[in-house]
Each structure stands twice: as structure tokens, then as C-alpha cells.
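Here is the structure we will look at, set down as C-alpha cells.
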Amino acid sequence: MAANDTQPTECQGNETTPLDIAVVGAGIIGVLTTLGLLYHGHKVTVYERASNYSEGGGAIAFTGVARECMKQLNPFILEALQQVGEANRHPMNRYWDGFHPTTKELAQSEESLLFQQSAHELDYTGCIRSVYLHEMAKALPDGIVWFDKELESYSEGPEGVKLRFSDGSTAQAEAVIACDGIHSKARRLLLGEDNPESRPSFAHKVAYRAIIPIAESISALGEEKANNQCAHLGPDAHMLSFPVAQWTLSNVFVFVHDSKPWPDSHYLTAEVEKSEVVAAISKWGPSIRELVDKMPEKVSKWAIFDMADNPANTYARGRVCIAGDAAHASSPFHGAGACMGVEDALVLVSVLETALSRSVRSG
Ligand SMILES: Cc1cc2nc3c(=O)[nH]c(=O)nc-3n(C[C@H](O)[C@H](O)[C@H](O)COP(=O)(O)OP(=O)(O)OC[C@H]3O[C@@H](n4cnc5c(N)ncnc54)[C@H](O)[C@@H]3O)c2cc1C
């Protein structure tokens with residue numbers, strides 16, 4: 001259960017009658033949606049399939065737009081990110097040639113800068129996922145998160161929605177916001193099990209990810225590049241490197257095109273040998289080869305699945321809606337995925353507020 005610090009979830013003075021809302025899924029979007037709903041005066045219960053908060057240790061970055069939405073949802077959500085995250089120090093987002101430079105010196109020179117974009121338009125704050133999730137969860141009032149509750153089905157009646165879980169238990173709510181991720185059960189229940197819109201498809205990209213000491217990154221990329229967020233481009237692949245954990249660690253992502261089908265869409269991550277990544281960038285410049293060489297012997301590999309082939313034609317039916325990856329899992333480029341989920345949360349809180357204040361006015 002969550003800690004007992006209730007201050008960031010104190011209601012900011014909602015004039016309307018609050019709703020009793022069930023949030024399904026305690027990932028990043030489920031937790032921040034809950035914090036937003038509580039702050040805007042609703043009663044919330046969260047049902048999570050896992051036995052605890054289960055976000056992995058990889059890094060994630062949030063744009064300025066997402067951070068503004070966080071502030072409006074509940075200022076604590078943004079404060080928590082600022083507490084555990086790192087903003088880019090450089091005023092530009094820079095895209096470097098990772099392939100052609102034949103020496104590390106050349107790779108660090110302006111000659112290798114392919115293009116750049118003002119960070120004011122699209123600046124990122126990066127953090128370690130699990131650290132941010134736990135920081136946010138500290139603010140959830142004790143007793144509102146129920147773990148080991150896997151949504152299996154639901155039905156709607158005049159009183160609201162009845163949720164059924166795989167352990168045989170049930171729960172009642174006036175409305176449901178399902179943030180149950182890319183394989184969302186709620187989406188399948190909402191759109192139909194056989195509907196192609198219920199299933200994500202392989203984007204034919206895989207992401208290798210490792211977190212290494214910043215000193216290793218400095219050795220490969222140089223001080224300036226290692227201490228800032230950088231994209232490194234090359235044929236059939238691109239890389240991201242950015243500092244996390246107060247500039248003590250460097251998060252390294254290698255995104256590689258993969259023409260083969262992914263073996264099992266239910267397992268999107270695998271631990272693989274570093275040699276697989278080394279082979280994928282073997283023709284790149286020495287700076288990038290050295291960076292990849294600094295990765296540990298075992299590296300996380302993520303299959304990128306998204307809803308681009310079969311986007312859902314609706315995200316809501318009756319009193320149930322889907323949000324975050326459950327609604328529109330996307331390829332993680334330009335920090336699209338979770339950032340869109342943050343926008344979902346703010347839209348939902350605002351729409352509820354408008355609808356409830358209209359119903360109060362009309363009696
Ligand atoms: C390599 C990679 C890098 C990325 N980088 C970024 C980035 O920098 N910036 C960005 O904005 N996005 C990024 N994304 C996308 C981002 O990770 C996702 O959009 C985000 O994590 C989705 O959060 P969520 O809470 O919607 O889903 P999830 O994190 O998947 O959480 C879903 C939760 O629901 C629970 N659950 C599932 N089924 C049930 C059920 N039946 N009943 C109850 N609970 C259930 C799960 O256990 C889980 O806790 C990246 C993605 C990848 C693959």
C-alpha cells in the first residue's frame with residue numbers, strides 16, 4: 001500500500017459533486033491520473049495486476065508540454081519529476097552523425113552536428129522510471145491502491161460499473177479509467193476481443209537499453225556530449241544518450257530496424273548478450289562503438305509495438321475509458337508515449353470537471 005503523506009492529494013476546492021472512480025493499472029499514467037483526480041476532488045481506487053509498482057529501471061523523458069500538463073493536473077506530479085529528474089543543460093536538442101566520423105575528436109566537433117533544434121520548443125526532463133513512479137506513489141493516501149487485482153471483465157448497470165478480477169473479487173465504481181498498458185484488457189473488452197484495434201503490432205524496431213556510469217559515457221563521447229541529451233544518427237539505427245541520477249549515470253538507447261517478426265507479442269522485453277548490439281553498430285564511428293562497448297554484458301532488448309496499424313476508433317464507451325498506452329501505444333520517438341498519456345490525464349480531469357459543473361447547473 002501507499003505511504004501516508006496525503007498533502008499533495010488534498011483537494012483544491014472542487015465545487016461539483018465528486019465521482020467515485022476506479023483506475024485500472026498503477027503504471028506511470030495510472031498513478032499520475034490518480035493524483036490528478038484526487039487533487040480535483042474525486043474519490044479514487046486503483047486496481048493493479050502486479051504485487052507492487054512494477055515499472056522497470058530504464059529511463060524516460062518528458063517534454064515541456066507534458067510538464068505543463070503535470071502542473072495543471074496536480075503540482076506535486078511536476079515537483080516529483082523535478083525532484084528525481086534532470087533537465088537538459090544545453091539550450092539545443094542536438095542530432096549528431098554517429099556513423100561517419102572516423103575519430104572520437106571528429107565526432108565531438110561541430111562538423112559532426114547534423115542539425116539542432118531549440119530546446120525551448122521541445123525540451124526534455126529525463127529520469128529513471130521506477131524512481132519517478134515510486135516518488136509519485138509516496139503521495140497516494142494509504143489504502144487506495146489494491147495490488148494483485150487483475151481486471152478480467154466489467155459490466156455496466158444503472159449504479160455504475162462492476163469490475164471483476166481474476167481472484168474472483170469484484171468492485172463497483174461510478175466511472176472507470178483504464179491505464180492498463182499496451183496489452184490492455186480494458187481495450188479488448190471495450191472494442192471486442194477479435195477487433196484488430198484491440199491488438200498492437202510490431203513497429204519493426206527494437207531498442208537496446210543500458211545505464212552506465214557517466215564517466216564511461218564521458219570517455220566515449222566527451223564531457224560536453226555525455227552531460228547533455230544527444231541523438232546519434234546512422235543507417236537503419238539511431239541512438240539516444242542522456243544523463244540521469246543527478247548526472248552520475250548515462251542512459252543509452254540503441255534503436256535498430258528489425259525486419260523479422262517478433263516471436264511473441266506478450267513478451268516485449270528480453271535480456272540479450274551485448275554482442276547483439278555491438279554487431280548492429282559495428283560499422284559506426286569509434287565514439288559510438290566505444291559507448292556501446294561500455295554497456296554491461298547483458299543488455300535489455302525491447303520490442304517496439306504500437307497501435308499505428310489499427311488505431312482505436314474510440315477510447316470510451318459508457319462509463320469506461322482507456323488512457324495512456326492502453327489507448328494509443330506509440331513508438332517512443334520524441335518522448336511521444338508517456339507524454340501523450342499525461343495529456344490524456346489532464347483532458348479527462350478537465351472534461352469531468354466541465355461535465356459535472358454543467359450537471360450541477362442544470363440541476
Ligand atoms: C524503449 C522505450 C522508450 C520510451 N521512452 C519514452 C520517453 O522517453 N518518453 C515518453 O513519454 N515515453 C516513452 N516511452 C513510452 C512509455 O514507456 C509508455 O508510453 C508509458 O510507460 C505507458 O505508461 P502506462 O502507464 O500507460 O502503461 P504501463 O507502464 O504499461 O502500465 C500499465 C500498468 O497496468 C497494469 N495492468 C496491466 N493489465 C492489467 C489488468 N488486466 N488489470 C490491472 N492492472 C493491469 C500493469 O501491471 C502496469 O502496472 C518509451 C517506450 C519504450 C518502449
Side-chain angles (χ1 to χ4, degrees), residues 22-34 45-56 58-67 69-70 81 85 122 124-130 132-133 136-137 145-154 163-167 169 171 176-189 200 202-203 205-210 229 231 238-240 242 244 251-256 266 268-269 299-307 322-345:
V23 168
V24 178
I28 283 182
I29 302 307
V31 168
L32 63 78
T33 300
T34 301
T45 310
V46 184
Y47 301 98
E48 164 59 44
R49 176 178 62 185
S51 301
N52 209 326
Y53 298 106
S54 58
E55 191 59 77
I60 189 162
F62 292 93
T63 59
V65 172
R67 297 199 306 276
C69 293
M70 289 172 179
L81 178 65
L122 198 62
Y124 296 94
T125 295
C127 63
I128 295 182
R129 287 164 180 267
S130 54
Y132 182 40
L133 184 60
M136 284 196 288
V145 185
W146 290 79
F147 291 105
D148 296 312
K149 292 288 171 196
E150 179 178 17
L151 176 72
E152 230 172 40
S153 65
Y154 66 78
L163 301 159
R164 290 178 204 81
F165 302 101
S166 57
D167 62 0
S169 62
V176 176
I177 301 178
C179 309
D180 52 342
I182 191 162
H183 291 301
S184 171
K185 179 69 179 178
R187 186 176 66 236
R188 284 180 276 143
L189 294 167
F202 186 35
K205 280 269 178 195
V206 293
Y208 299 95
R209 199 262 312 153
Q229 298 164 3
H238 75 279
M239 292 182 59
L240 299 176
F242 54 92
V244 287
N251 182 72
V252 181
F253 272 126
V254 185
F255 294 90
V256 179
H266 286 95
L268 301 190
T269 55
V299 175
S300 304
K301 179 179 180 178
W302 297 16
I304 308 295
F305 273 65
D306 63 26
M307 302 300 299
I322 47 179
D325 274 13
H328 43 61
S330 70
S331 309
F333 307 120
H334 281 156
C339 291
M340 283 198 293
V342 181
E343 292 186 41
D344 291 350

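Computed from a predicted model, the values in this text were never measured in an experiment. Just so you know, ligand 1 is whichever comes first in the structure, and atom 1 is the first atom listed for that ligand.
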* Structure fact -> Restricting to heavy atoms, the pick from Ala26, Ala61, Ala338 nearest atom 9 (N) of ligand 1 would be Ala61

* Who's closest to atom 34 (O) of ligand 1 heavy-atom-wise, of Gly25, Gly324, Ala50? -> Gly25

* Mind checking what makes ring-ring contact (aromatic ring centres under 6.0 Å, His included) contact with Tyr208, not counting sequence neighbours? -> none

* To do: Report yes if some N/O of Phe62 lies less than 3.5 Å from some N/O of ligand 1; otherwise report no.
  => no

* To do: Mark the output for His183 as yes if a heavy-atom distance to ligand 1 is under 4.0 Å, and as no if none is.
  => no

* Asked: Is there a side-chain contact between Leu81 and Cys127, using heavy atoms and a 4.5 Å cut-off?
  -> yes

* Is it true that Phe253 lies under 4.0 Å from ligand 1, counting heavy atoms only? -> yes

* To do: Ignoring hydrogens and angles, tell me if any N or O in the side chain of Arg188 forms a donor-acceptor pair with the backbone of His183 under 3.5 Å.
  => yes

* **Contacts of type ring-ring contact (aromatic ring centres under 6.0 Å, His included), residue His238, not counting sequence neighbours** => Phe255, Phe333

* Any donor and acceptor pair, going by atom type alone, linking the side chain of Asp180 with main-chain N or O of Val24 inside 3.5 Å? -> no

* Is the closest heavy-atom distance from Ser54 to ligand 1 below 4.0 Å? -> yes

* Asked: Are side-chain N/O atoms of Asp306 and Ser330 paired as donor and acceptor at under 3.5 Å?
  -> no

* Structure fact -> protein heavy-atom neighbour closest to atom 27 (O) of ligand 1 works out as Gly181 CA, 3.6 Å

